[in-house]
There are 2 protein chains.
Amino acid sequence: MNLKQLSEILNLSPTTVSRALNGYPEVSEATRKRVQAAAQAHGYAPNTRARSLATGRAHAIGHVIPVSSNHEMVNPVFADFIAGAGEVYSRNGYEMLLSVVSDEAEADAYRQFKVKGNVDGIIVHAPKMGDPRIHLLNELSLPFVVHGRASEEVEDYAWVDVNNFHAFERATRFLLDLGHRRIALVNGIETMDFAMRRRAGFAKAHEERGLSYDPSMCFADEMTESYGHDTARALLARGDAPTAFLVSSMITTIGVRRAIEELGLKLGRDVSVITHDDELSYFRNGADVPVYTATRSSVREAGRRAATILLDIIRGGDAPRQVLLEADLTLGQSTGPAPDRGRG
Amino acid sequence: MNLKQLSEILNLSPTTVSRALNGYPEVSEATRKRVQAAAQAHGYAPNTRARSLATGRAHAIGHVIPVSSNHEMVNPVFADFIAGAGEVYSRNGYEMLLSVVSDEAEADAYRQFKVKGNVDGIIVHAPKMGDPRIHLLNELSLPFVVHGRASEEVEDYAWVDVNNFHAFERATRFLLDLGHRRIALVNGIETMDFAMRRRAGFAKAHEERGLSYDPSMCFADEMTESYGHDTARALLARGDAPTAFLVSSMITTIGVRRAIEELGLKLGRDVSVITHDDELSYFRNGADVPVYTATRSSVREAGRRAATILLDIIRGGDAPRQVLLEADLTLGQSTGPAPDRGRG
DNA sequence: TGGGGTATCCAAAGCGCTTTGGAGATTGCT
DNA sequence: AGCAATCTCCAAAGCGCTTTGGATACCCCA
């Protein structure tokens, strides 16, 4: 069933049917109703490709998912981010185009999107410091929103980010307040912008109290479970073992926890842990009392916000282009006062 | 830059340029080279929408991601499955269209794909027993591959599945061999086909030894971490606590582990656990010696296989349409002989 | 009655590509 | 040399839709 066939059934021209369906005023309410009813009855919906070609708008948003070439890891937050963004897209009649691409090919993926004209805008994931993609996309004049920010970037661009600096600054302060002085930072790869900011917050909290931290207790890698385990295991074997961990992801925290338990230590008593919690749907941080003390911010909500901004840009709206979300610091069972010196 | 402009630069007709680029034989090798070079130089790539309209092939595959309406959960295996499928798509010049949709709206999402003509095929996720989508898609005559199977379905269809029955049968046998007699099954929702099959395998292993299992030790729910925790916590408090757990997902197993440790029990000694391991990229099951004894099957590989089959169907190929992957049973540190009766 | 305004509908062009059905140039063969 | 076969290339139609620029019919008022 296409437009022409439907119009023949109705004894109308394709023009009128198209206008009726798209809400143009040049058609009487009576015929509009008639057309809508017929479209419904025959299960007609305009062919996306034809409409896109005619209007020049793809009604689709592109997401480029980078797969790190070394570990072939897919960041687990993508699923939830995409779920959030997807909600907004469907509600607005947009489609989501996913491109799974290895790191190096990413820039080219954006160019392809532009040249092939199959998206109206793009969401940029996982920006690195001074990420070149921002310049590239501005140059291509393809609307985009970044999930995160790219420091050192001077150009103007739209973004949705969590205040990672502030979150980790607060978390660190909290641990210092509890008397912890040897705090390990188990961070993401620090070319990633969020990781760099978290580290800066961690450092700032020490500085402002005139304390210094041990760089040999700061780690940066892809946030897998085994990374958390192996790092914690090694650290806890040291003579000057840390009394607290600040961990950048729930998954990695699971590994840290495993190490702690293997050594017969008790979480929240012998060792304190604060994690960053993206509120992944399958990994809620406890029900009544959270299991982990955590800096918390919903990545799904971030997805919604980013999508909303992008659609607004495409429509030429004037909503704010930059959203900085503050993370909650929720108190859970994984933190406690620093144990007496006697232990170490 | 479009076809016409490029052809003007080259002093050729659009026809010739199109043919040169698409490898038709009606054009000399010399001009083909010239055309390709020019396309490269000017960064030309055909407009997807126009090409789709002309050829009637969308060069895109649709994935419908259902978001369960009650818990708003996104299955964490999707990310890895999609990464696997995405690889195959990009390699073959296909795009991936994602539709995030609540359970109820799913059937309609497929109809829309068909009517709007923006995909050439569909991957069906998370089939339920006797899933109506299979009949629907056959009726729509839209090529599709199911990730999993739908028992009670008599129609013919393409699928890629893990032998869930066999995997859980073997795992159960293994626990029985170790002397375990009270085994808890912490399963996914049992309207899901895979969950039902796993339960059947679990039952079969008992039966064939003339043993019976306690239905009050069988659970079925969305596979979150807290589900695993709360279930194990409750079970271990019982007088007839299980000595072993068979768990349907790594995430849920993390919760089970947490419960075990909270109670001061030792995994692999006091309580044995076997999990199903989808080989999620961020959650590798240990390095040298696996942490968990597990039935293991790469969901990413399943994604690759499913995508490959789908493209073959679309091209009218004749590769096998049904792939049953056997899961490995890998021995890890989470299982051991059943503890003496004395303990309970 | 007749001219201007308004409401309603339509014909045709065009979006950028592929593809059918030739046309012209070149070659091979007798 | 002359004709058919073969190489190259091209004009034009068409994919299904939107949109510009009318055309027609109807109404109101002088």
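This one's a predicted model, so the numbers in the text were calculated from it and none came from an experiment.
- Map A/T55 and B/S18 each onto its nearest nucleotide of DNA chain C; the residue landing nearer the 5' end is A/T55.
- Distance check, rounded to the nearest 0.5 Å: CG of B/N92 to CD1 of B/I314 gives 10.0 Å.
- The side chain of B/Y24 places no N or O atom within less than 4.0 Å of a non-bridging phosphate oxygen (OP1 or OP2) of D/dC10.
- For the pair B/R32 CZ and D/dC7 C1', the interatomic distance rounds to 13 Å; values are reported in whole Å.
- Taking the side chain as every heavy atom from C-beta outward, A/R57 and A/Y94 approach each other to under 4.5 Å.
- Closest approach to the A/T16 side chain among D/dC17, C/dG16, C/dC9 is made by C/dC9 (side chain taken as heavy atoms from C-beta onward).
- Nearest heavy-atom pair, B/E279 versus B/D80, reported as atom, atom and distance to 0.1 Å: O-OD2, 4.1 Å.
- The phosphate of C/dG16 (OP1 or OP2) has no side-chain N or O of B/Y44 nearer than 4.0 angstrom.
- Regarding A/E26, its CD atom lies at a distance of 10 Å from the P atom of D/dT20, rounded to whole Å.
- A/L6 places its CG atom 13 Å from the C1' atom of D/dG16, with the value rounded to the nearest Å.
- Between the CG atom of A/N118 and the P atom of C/dG16 there is a distance of 15 Å, rounded to whole Å.
- Distance, A/L53 CG to D/dG14 P: 17 Å, rounded to whole Å.
- Residue-level contact check: A/T31 touches the backbone only, with heavy atoms under 4.0 Å from sugar-phosphate atoms and none from bases.
- Among the atoms of the strands shown, base atoms are found under 4.0 Å from some heavy atom of A/T15.
- With C/dC10, D/dT18, C/dC9 as the choices, the nucleotide that has an atom nearest any side-chain atom of A/V27 turns out to be C/dC9.
- Atom CD of A/E29 is separated from atom P of C/dC9 by 11 Å (rounded to the nearest Å).
- Within the 4.5 Å cutoff, no side-chain heavy atoms of A/R321 are placed close to those of A/W159.
- Distance, B/R57 CZ to D/dG16 C1': 18 Å, rounded to whole Å.
- You'll find the ring centres of A/F78 and A/H63 outside the 6.0 Å limit.
- A sub-4.0 Å separation between OP1 or OP2 of D/dT18 and a side-chain N or O of A/N22 is present.
- The NZ atom of A/K4 sits 11 Å away from the C1' atom of D/dC15 (whole-angstrom rounding).
- The side chain of A/R19 sits closest to D/dT19 out of C/dT8, D/dT19, D/dT8.
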